[in-house]
Amino acid sequence: MTTGVKADPGRRRRVLGGAVCGLVAACAGLAVAELASAAVRPEASPVTAVGGAVVDRTPVGVKEWAIREFGTADKLLLALGIVLALAAVAALAGVLAVRHLPAGIALAGCFGLVGAAAALSRPGATWHDALPSLGGGLAAAGVLYVLVSVLTRPRPVGAPPGGAWSLDRRGFGRLVGAALVASAGIGYAGRRLGAYGSAGATASRADLVLPEPAVPAPPVPPGAQLPVPGISPFITPNGDFYRVDTALVVPRVDADTWRLRIHGEGVSNPLELGFRELLARPLVEHDITLCCVSNEVGGPYAGNARWLGVRLADLLREAGVRPPSRGGPADQLVARSVDGMTIGTPVETVMDGRDALLAVGMNGEPLPFAHGFPVRMVVPGLYGYVSACKWLTELRLTTFAAYDAYWVRRSWAQQGPVKTQSRIDTPRPSAEPAEGRVAVAGVAWAQHRGIARVEVRVDAGPWQEARLGAADGNDTWREWVWEWEATAGPHTLEVRATDGTGAVQTGVRTGTVPDGATGWHSVPVRVRPGPGRKA
Ligand SMILES: Nc1nc2c(c(=O)[nH]1)N[C@H]1C(S)=C(S)[C@@H](COP(=O)(O)O)O[C@H]1N2
Ligand SMILES: [Mo]
């Protein structure tokens with residue numbers, strides 16, 4: 001034959017066939033790893049473990065960008081990215097294996113090792129956590145070996161091109177199909193086993209009946225919720241409450257086996273208690289607005305809920321803790337969650353009389369798993385990253401000088417008091433309301449200081465005072481509305497709030513890092529001319 005290299009049909013077949021072998025082997029490996037991680041623990045799954053390692057090592061700028069651009073979908077996108085990267089390497093391993101079987105198989109196996117290393121590096125990992133990745137790597141290597149061996153089996157001498165080859169191809173196709181079906185079955189079994197593994201936690205939440213609070217919160221004042229279409233609901237329903245955390249799988253903690261340890265510097269009476277013991281204490285109910293330091297001006301990461309919990313200061317006092325102002329040696333309370341997150345809060349703030357809570361209830365139901373079941377912290381007036389540890393399991397007293405918590409090691413400030421913010425909920429940016437009366441409305445927050453005034457201005461004109469909704473204490477946001485006589489054309493609306501101390505929200509624009517964004521929320525709108533008017 002005189003065909004050149006370009007026309008070599010065998011080459012295309014080897015490359016394509018090899019890629020298919022690699023991808024199928026990766027599916028098998030992932031399925032086996034998922035099944036094994038369901039048996040070990042969900043965090044040991046290679047995709048989750050590698051994802052968690054990536055999250056922890058992602059520079060703060062990239063993380064802020066991802067939160068801004070993708071919001072809560074950032075986790076899904078990360079998992080997708082990892083799977084795509086895995087697919088690319090798998091295809092490469094397959095092509096390599098067709099040329100040189102041991103090299104391809106070694107590459108597949110290496111991937112298992114990477115997963116195992118990531119899993120071992122995760123908080124709370126034991127050597128068991130390496131097993132899913134190692135098992136998956138072995139399975140992938142095995143499937144790759146079989147598939148590539150069949151694909152590259154030499155054609156018997158003298159066999160006519162076509163006949164025997166196509167038979168071989170059919171056999172190969174069948175093998176690929178069988179491997180995919182088996183992978184799907186194993187993956188499905190892993191899912192079922194995973195649900196079974198968290199059944200105890202699910203039941204412990206479903207069966208939980210929250211005790212009545214010893215100190216109930218007064219009803220939300222009727223005027224707190226303004227009747228303006230498009231404004232945030234005064235109480236954020238649990239299902240709509242924003243979620244910010246590093247957990248790629250939501251920890252499902254069994255309340256019946258949950259323990260909390262309180263120990264560290266200046267703790268004369270270390271405590272350890274279970275969930276029932278916590279619930280046996282007097283519970284208080286309190287409305288608190290929680291917000292995230294990563295919230296951009298005008299952003300969505302704030303929510304208001306009615307929390308039920310134990311006053312943290314009482315527990316600390318019982319443990320013998322004194323705040324620094326009373327001579328206590330520890331100025332930092334480090335909360336640790338089951339997923340290894342650490343969050344450092346000033347002891348002074350927690351013990352200054354505000355309703356800092358170990359919360360068990362949110363809007364009348366047990367905490368949702370995504371919001372920290374069975375127990376989380378909530379401290380009015382502090383950003384979540386320095387106060388609101390979810391899936392809490394340990395409270396350690398130390399100093400800010402001696403210890404930096406998770407976010408502080410990643411460019412965020414040690415101290416994170418909430419900055420006064422106000423947000424225009426309606427009209428939405430680029431809305432086109434009709435000329436005439438337009439309700440401009442939203443929420444403003446300055447937790448623990450309260451909101452005293454909200455003002456709106458149009459096109460940098462004079463500030464106009466908005467009408468405030470009724471205040472529900474100082475720890476929640478406050479709704480506001482301003483009736484605007486809108487004239488046709490493009491306009492810019494801006495809002496600013498004044499807190500309970502009389503301090504006016506600064507107009508200086510800063511980013512979220514290191515201790516929260518500042519600046520006035522500004523919304524561009526284009527007002528449509530009314531009927532019978534010219535544009
Ligand atoms: N265990 C754990 N707790 C956590 C976090 C986390 O990543 N892990 N994120 C904190 C941050 S930054 C915020 S703003 C709040 C958000 O709480 P939510 O998800 O219930 O709204 O949780 C805090 N508690
Ligand atoms: Mo946050």
Side-chain angles (χ1 to χ4, degrees), residues 43 51-52 54-56 58 60 63-64 66-68 71-72 74-75 78 122-124 232 235-253 258 260 288-296 299-307 309 333-345 356-363 365-395 405-419 421 445 447 477 511-517:
E43 293 83 356
V54 169
V55 167
D56 284 355
T58 302
V60 64
K63 217 182 272 181
E64 286 299 286
I67 289 180
R68 205 162 51 234
T72 313
D74 59 348
K75 293 191 169 101
L78 174 64
R122 302 310 296 150
S232 303
I235 294 280
T236 314
N238 289 355
D240 298 339
F241 208 93
Y242 83 93
R243 177 183 161 209
V244 170
D245 57 55
T246 59
L248 294 181
V249 284
V250 170
R252 292 175 89 87
V253 180
W258 176 86
L260 173 68
I288 301 168
T289 297
L290 182 63
C291 62
C292 183
V293 71
S294 292
N295 193 52
E296 302 273 319
Y301 301 125
N304 185 36
R306 173 155 290 198
W307 306 93
L333 177 69
V334 176
R336 179 182 292 273
S337 81
V338 297
D339 66 341
M341 170 58 64
T342 53
I343 284 183
T345 312
L357 300 180
L358 291 191
V360 295
M362 182 178 184
N363 291 332
E365 57 169 296
L367 292 176
F369 285 108
H371 296 289
F373 182 83
V375 180
R376 76 171 307 167
M377 264 175 64
V378 184
V379 182
L382 302 183
Y383 286 121
Y385 86 104
V386 287
S387 69
C389 190
K390 307 193 270 189
W391 316 292
L392 180 69
T393 180
E394 183 196 332
L395 291 171
Y406 183 93
W407 299 107
V408 178
R409 273 177 262 145
R410 293 167 176 77
S411 325
W412 297 93
Q414 277 190 331
Q415 307 279 338
V418 169
K419 296 179 180 176
Q421 271 298 329
W445 61 85
Q447 290 91 309
W477 61 19
T512 57
V513 187
D515 60 359

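Heavy atoms only: backbone and side chains are in, while hydrogens, waters and symmetry mates are out. Just so you know, ligand 1 is whichever comes first in the structure, and atom 1 is the first atom listed for that ligand.
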Review point. Any idea which of Tyr383, Phe241, Tyr242 brings a heavy atom closest to atom 14 (S) of ligand 1?
Key: Tyr242

Point to revise | Heavy-atom proximity to atom 17 (O) of ligand 1, best of Met341, Met377, Arg376, Met362 | key: Arg376

Exercise for review: State plainly whether the residues Asp74 and Arg68 are in salt-bridge range, i.e. N to O under 4.0 Å.
Suggested key: no

Record the part of [X] in heavy-atom contact with ligand 1 below 4.0 Å; permitted values are side chain, backbone, both and neither.
X: Tyr301; answer: neither
X: Ser337; answer: side chain
X: Val293; answer: neither

Review point. Is there a nitrogen or oxygen of Thr246 sitting under 3.5 Å from a nitrogen or oxygen of ligand 1?
Key: yes

Check your understanding: So, Glu43 side chain and Pro123 main chain: donor-acceptor pair closer than 3.5 Å or not?
Key -> no

What protein heavy atom is closest to [atom], reported as residue, atom name and distance in Å?
atom: atom 6 (C) of ligand 1; answer: Asp245 CB, 3.4 Å
atom: atom 9 (N) of ligand 1; answer: Val244 O, 3.2 Å
atom: atom 23 (C) of ligand 1; answer: Ala388 O, 3.5 Å
atom: atom 3 (N) of ligand 1; answer: Lys390 N, 3.0 Å

Practice item. May I ask you to test the Ser411-Pro514 pair for a side-chain heavy-atom distance under 4.5 Å? Key: no

Check your understanding: Between Trp412 and Val386, is any pair of side-chain heavy atoms under 4.5 Å apart?
Key -> no

Side-chain donor-acceptor pair under 3.5 Å between [X] and [Y], yes or no?
X: Asp56; Y: Tyr406; answer: yes
X: Glu64; Y: Ser294; answer: yes
X: Glu365; Y: Asn238; answer: yes

Revision key, fill the gap. Minimal heavy-atom distance between Leu367 and Pro374, with the atoms involved, is CD1-O, 3.6 Å

What atoms in ligand 1 come closer than 4.0 Å to a heavy atom of [X]?
X: Tyr385; result: 11 (C), 12 (S)
X: Leu290; result: 17 (O)
X: Asp339; result: 1 (N)
X: Cys292; result: 14 (S)

Check your understanding: So among Cys292, Pro380, Cys291, which one has a side chain to side chain contact (heavy atoms under 4.5 Å, CB included) with Val418?
Key -> Cys291

